[in-house]
2 protein chains.
Amino acid sequence: MARPKSIGEDELLSRLENVFREVGYEAASLAVLSKATGLQKASLYHRFPRGKAQMAQEVLSAALDCFTQQVIAPLNAAGDPEKRLALAASNLDQYYFGGRKACLLNIFASPDIDGGPFQPSIRAAFEALLKAFAKIARDGGAPASEARQRAERAVALLQGSLVLSRGLQNHAPFKRFLKELPSEILGK
Amino acid sequence: MARPKSIGEDELLSRLENVFREVGYEAASLAVLSKATGLQKASLYHRFPRGKAQMAQEVLSAALDCFTQQVIAPLNAAGDPEKRLALAASNLDQYYFGGRKACLLNIFASPDIDGGPFQPSIRAAFEALLKAFAKIARDGGAPASEARQRAERAVALLQGSLVLSRGLQNHAPFKRFLKELPSEILGK
DNA sequence: GTCTATACTCGGATAGAC
DNA sequence: GTCTATCCGAGTATAGAC
């Protein structure tokens, strides 16, 4: 709540992102977004002339950039698969605040938002993550078809553990997912 | 779209449920709900005096009853675990329309809806499902602690495969989840 | 029990001053 | 670039006829 007099671009997008992840797209009214950022509605429109839809798009875009850098990149890097996975897991933990913050890919998946302008980004993001998990599984010695299946399981477990943690109001499922991720990807 | 002159209680709740599952709570405006049911807003208020919140509560309650009967009950029944799981999986397939319909437990999980009046029901539903999966895992020979972990994984995979299927606009992940559910629960 | 019509609030968006 | 003030439409909810 305490806000500095003038917030930067990154902080602005970060606060908007928090609102969207907490309450969803529809419930994120301009009043709420205004309060969260400390900017009046008109100021938000100065920065985002196309309104809430643009805010969501820029938030999603920035979040995917961050996610790519923090999670996808380590998975695709060179080096010991175990260590790359450990780094990705640690960054996943940060990104989802230990399971307390929802995933925008779930939040924005509703096909109903303006006819679903987010769907392409969401789909691309899922596919990038699937590809990265599959690559590291292959690097760990799995055959190609098996690698893809493990990747799909890992992504489903990530999303599902977030949903379950939220539903139970208990972050243990997400934490367990993080712990089991390496064996999930690199083999039973 | 084509609607009979007068629809029954079950059909009414079913149509409301479809809307909530497709667009979420906030985006389900009375106009949309009115169109989906063929009833005018005032008629909906006659049936649900407390408005949209009550509609959502009754929809959730009915859906959980249905889910309990179709999925939880088979899991908790007597008889061959393999067959009980097969029946539950088949009913899951129906309930989620082969992965095309989202889960209300995910849709309604936003803590922001009126201060989260759905949270207790959601939590209870998750715990009932976890318990049922754990029971059938034990019936299949798993030790208690292992059974609980398999149950948690299964629930996460269910929710996650739905999210992923929705995001990819491809129902393969959900279908694969259904196929792998028995080995997931009964052992590797 | 369903309708038409309407009241009222809130959310999205703009104008224009500073 | 941020503000106050305002407009307009959408959304929730109600009144009252049939």
Side-chain angles (χ1 to χ4, degrees), chain A residues 1-60 107-108 110 112-118, chain B residues 1-60 107-108 110 112-118:
Chain A
M1 283 301 162
R3 62 173 197 268
K5 30 206 76 172
S6 182
I7 69 177
E9 171 81 1
D10 291 353
E11 180 67 14
L12 175 58
L13 285 173
S14 166
R15 293 190 187 188
L16 294 174
E17 181 186 359
N18 279 335
V19 176
F20 285 123
R21 287 172 76 171
E22 276 161 23
V23 309
Y25 181 82
E26 304 290 344
S29 69
L30 289 193
V32 172
L33 295 167
S34 168
K35 190 165 282 185
T37 56
L39 292 176
Q40 295 299 324
K41 294 191 234 177
S43 303
L44 287 173
Y45 272 92
H46 177 77
R47 171 61 183 78
F48 305 97
R50 296 195 346 276
K52 194 166 82 162
Q54 185 178 1
M55 295 181 214
Q57 279 161 4
E58 293 198 19
V59 160
L60 180 57
I107 292 283
F108 283 165
S110 172
D112 191 63
I113 303 170
D114 268 313
F118 305 124
Chain B
M1 285 301 162
R3 62 174 196 270
K5 29 208 76 173
S6 180
I7 69 177
E9 170 82 0
D10 292 354
E11 179 67 14
L12 175 58
L13 285 173
S14 166
R15 294 192 188 186
L16 294 174
E17 182 186 358
N18 279 336
V19 176
F20 285 122
R21 287 172 76 172
E22 277 162 23
V23 309
Y25 181 83
E26 304 290 345
S29 68
L30 290 192
V32 171
L33 295 167
S34 169
K35 191 166 282 185
T37 57
L39 292 177
Q40 294 299 323
K41 295 189 228 175
S43 303
L44 287 174
Y45 272 93
H46 176 78
R47 171 63 184 77
F48 305 95
R50 297 197 344 276
K52 193 165 84 161
Q54 186 178 2
M55 295 181 214
Q57 278 161 6
E58 293 199 19
V59 159
L60 180 57
I107 292 285
F108 283 165
S110 172
D112 191 64
I113 302 171
D114 268 312
F118 305 124

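Note on naming: letters A, B, ... go to the chains in the order of the sequence lines (proteins, then strands), and numbering restarts at 1 for each one. As a basis for the values below, the full set of heavy atoms in this structure was taken, side chains included, without hydrogen atoms, waters or symmetry mates.
- In this entry the distance linking CD of B:Glu9 with C1' of C:dG1 reads 13 Å, nearest Å.
- Take B:Ser14 and apply the side chain to side chain contact (heavy atoms under 4.5 Å, CB included) test, not counting sequence neighbours, and it matches B:Asn18.
- Rounded to whole Å, the distance from NE2 on B:His46 to P on C:dT2 is 7 Å.
- Annotation for B:Arg15 and B:Thr37: closest pair NH1-O, 3.9 Å, computed over non-hydrogen atoms.
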- Task: Mark up nucleotides 4-13 of chain D, 5' to 3', with B wherever a protein heavy atom is under 4.0 angstrom from a base atom, S wherever such an atom reaches only the sugar-phosphate, and - elsewhere.
- Result: B-------BB
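- In plain terms, the two heavy atoms of B:Phe48 and B:Gln54 that are nearest each other are C-OE1, 3.2 Å.
- In this structure A:Gln40 satisfies the side chain to side chain donor-acceptor pair (under 3.5 Å) test with no other residue, sequence neighbours excluded.
- With a 4.5 Å cut-off on side-chain heavy atoms, B:Glu9 and B:Leu13 count as touching.
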